[in-house]
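Structure record follows, encoded as structure tokens.
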Protein chains: 2
Amino acid sequence: MAYRPTEKTEARKKAQHKLLSDTALAIVSNDGFKALTIASLAQEAGVAIGTIYKYFEDKAALCTHVFKIASGKEVEMVRRSAFPEPSSDSEKLNCTERLEQTIQSFAERAIAGHKLAYALIAEPVSPDIEAERLIYRKAYADIFEHLIEQGIDTGEFRRQDTKVAATAIVGALAETLVSPLAHIVEQNINAPDEELFSSIKKFCLNAVCKTD
Amino acid sequence: MAYRPTEKTEARKKAQHKLLSDTALAIVSNDGFKALTIASLAQEAGVAIGTIYKYFEDKAALCTHVFKIASGKEVEMVRRSAFPEPSSDSEKLNCTERLEQTIQSFAERAIAGHKLAYALIAEPVSPDIEAERLIYRKAYADIFEHLIEQGIDTGEFRRQDTKVAATAIVGALAETLVSPLAHIVEQNINAPDEELFSSIKKFCLNAVCKTD
DNA sequence: CAATAAAGTGAACCATGATTCACGACTTTG
DNA sequence: CAAAGTCGTGAATCATGGTTCACTTTATTG
């Protein structure tokens, strides 16, 4: 008698949502949030403008969705460096080594995906997205905070305000790695700057450690 | 036979420019760059919209002018902490003490003028202003870099990449002091958070110093 | 197929805010 | 005062980009 959503249509719906989501992420990864317009997304995804609104409430919902997807992945990668799976090789690293590894991981990902990193961390965005960004930066800080707490317990790190230290590390990483990427035309992605990474690691370790 | 600009008219012109400039700065200091529109400035200054364009090429020129004025003052204040006048009390402080004092100065000004600090350092802005911001942050970093270099020479600080360290300090300060102000409704300005300042100073000093 | 519901469409519309410009007011010089 | 240049005005215009919605197409069921 009437129409009913079925498995097939639901699958298509999900696929369309993913198409739009993926396309939007690609746009942001290449050209930042400023390039993510309803029209450009419709164009890239090969759908009409109105279709976007069948899948996202409005522009803000689209942007925050993309931001969450992208930043969620990034945070997860960094979290794995800080707290490796019990089964992994890195399992037995001490906190100092894991902090180094975590910074290295953040740095490598920031340089390799510098356009996305810039979009997520430093690109001027609307207040809606800025709110998401604070959550995201907090997620990073929480990882560092937890790691620093562990290091204090093991006696590797000095007693300190772990929230401040963790926040400061996030700021130091953002400033040294991401902000300068604001207008780099083409990065020499082939030669990751190990020298730079090393300096940053030394700075941060020195800041939290008992001794050099 | 004809009109010629004279001292009196030039003075008025300069006064009008200053009125607009000051009013614009007040708007930004209270409500950020997002609140600085041509219409709002005209309103506040008590002039017509068209008048703004007699004094500023366009919106971008207005914004960058305001940004330069404001950030120039801030940088100058911080520079004085880092490199006191030879005649001043602080003249004979060592680099460690001056670094502490500089961070303290930055922190106090950021908290006291948190809305302006947020606008200058963290508020989402158009790319034009973002470009100015990079110059401004670099100016801060240059101050810290110079101070760190001095400290290395005096043996107070360890040998290190001074550019990275200086940039990291700027990032750490911005993240710990300014970014959280994003959505603070009303700060308890009366009770500057000496605890927080102390933690930040310890973090930064530890990062650059030879020993704790 | 008929009925129903959801997906897809895109030109029209709307909101925001910068920019223009024709005109009158003001200032200076001879 | 006449001539001429500059200032001040603000409604009209433009630019950008999000949002709507009447309509068409597609899918499902009996």
Side-chain angles (χ1 to χ4, degrees), chain A residues 1-21 23-24 27-28 31-67 123-130, chain B residues 1-21 23-24 27-28 31-67 123-130:
Chain A
M1 180 186 58
Y3 172 91
R4 234 43 209 336
T6 179
E7 196 180 83
K8 188 181 150 207
T9 58
E10 286 301 306
R12 169 164 171 74
K13 199 168 167 181
K14 198 179 287 181
Q16 277 290 71
H17 190 278
K18 181 159 165 38
L19 168 67
L20 295 182
S21 178
T23 306
I27 291 172
V28 171
D31 302 309
F33 279 97
K34 73 173 185 318
L36 179 60
T37 64
I38 301 291
S40 72
L41 174 55
Q43 170 92 46
E44 287 296 306
V47 302
I49 284 174
T51 302
I52 311 290
Y53 287 90
K54 301 286 185 187
Y55 292 90
F56 296 96
E57 182 63 24
D58 54 18
K59 174 81 185 291
L62 169 66
C63 285
T64 56
H65 173 79
V66 171
F67 197 97
E123 183 190 356
V125 294
S126 68
D128 318 285
I129 306 182
E130 190 66 22
Chain B
M1 179 186 57
Y3 171 90
R4 235 43 211 338
T6 177
E7 197 181 83
K8 189 180 148 206
T9 58
E10 287 300 306
R12 168 164 173 75
K13 199 167 166 180
K14 198 180 288 181
Q16 277 290 72
H17 190 278
K18 179 159 164 38
L19 168 67
L20 296 182
S21 178
T23 306
I27 291 172
V28 172
D31 302 310
F33 279 98
K34 74 173 184 317
L36 179 59
T37 64
I38 301 292
S40 73
L41 175 54
Q43 170 93 44
E44 287 296 305
V47 302
I49 284 174
T51 302
I52 311 291
Y53 288 90
K54 301 285 185 187
Y55 293 90
F56 296 94
E57 182 63 25
D58 54 17
K59 174 80 185 290
L62 169 66
C63 286
T64 55
H65 173 80
V66 171
F67 197 97
E123 184 189 357
V125 293
S126 67
D128 318 285
I129 307 182
E130 191 65 23

Separation of atom NZ in A:K59 from atom C1' in D:dG17, rounded to whole Å: 8 Å

Candidate nucleotides D:dG18, D:dT28, C:dA18, ranked by approach to the side chain of A:I38 - the nearest: D:dG18

4.5 Å side-chain heavy-atom contact, A:V66 and A:I129: no

B:F56 and B:H17 aromatic ring geometry - parallel, tilted or perpendicular at 30°/60° bounds: tilted

Donor-acceptor contact below 3.5 Å, side chain B:E123 vs main chain B:F33: yes

Listed once per pair and sorted, the side-chain hydrogen bond (donor to acceptor under 3.5 Å, both in side chains) pairs that draw on residues 36-57 of chain A, sequence neighbours left out: A:T37-A:S40

Whole-Å gap separating P (C:dA7) and NZ (A:K8): 14 Å

Between C:dT9 (P) and A:Q43 (CD): distance, integer Å: 13 Å

Nearest-Å distance for atom pair CG/C1', residues B:L41 and C:dG17: 14 Å

Over 12 foreign heavy atoms within 6.0 Å of CD, B:E7: no

Sequence-aligned protein contact record of nucleotides 7-13 of chain D, with B where the base is within under 4.0 Å of a protein heavy atom and S where only the sugar-phosphate is: SBBB---

Spacing of A:E10 atom CD relative to C:dA5 atom P, expressed in whole Å: 16 Å

Donor-acceptor contact below 3.5 Å, side chain B:K34 vs main chain A:S126: no

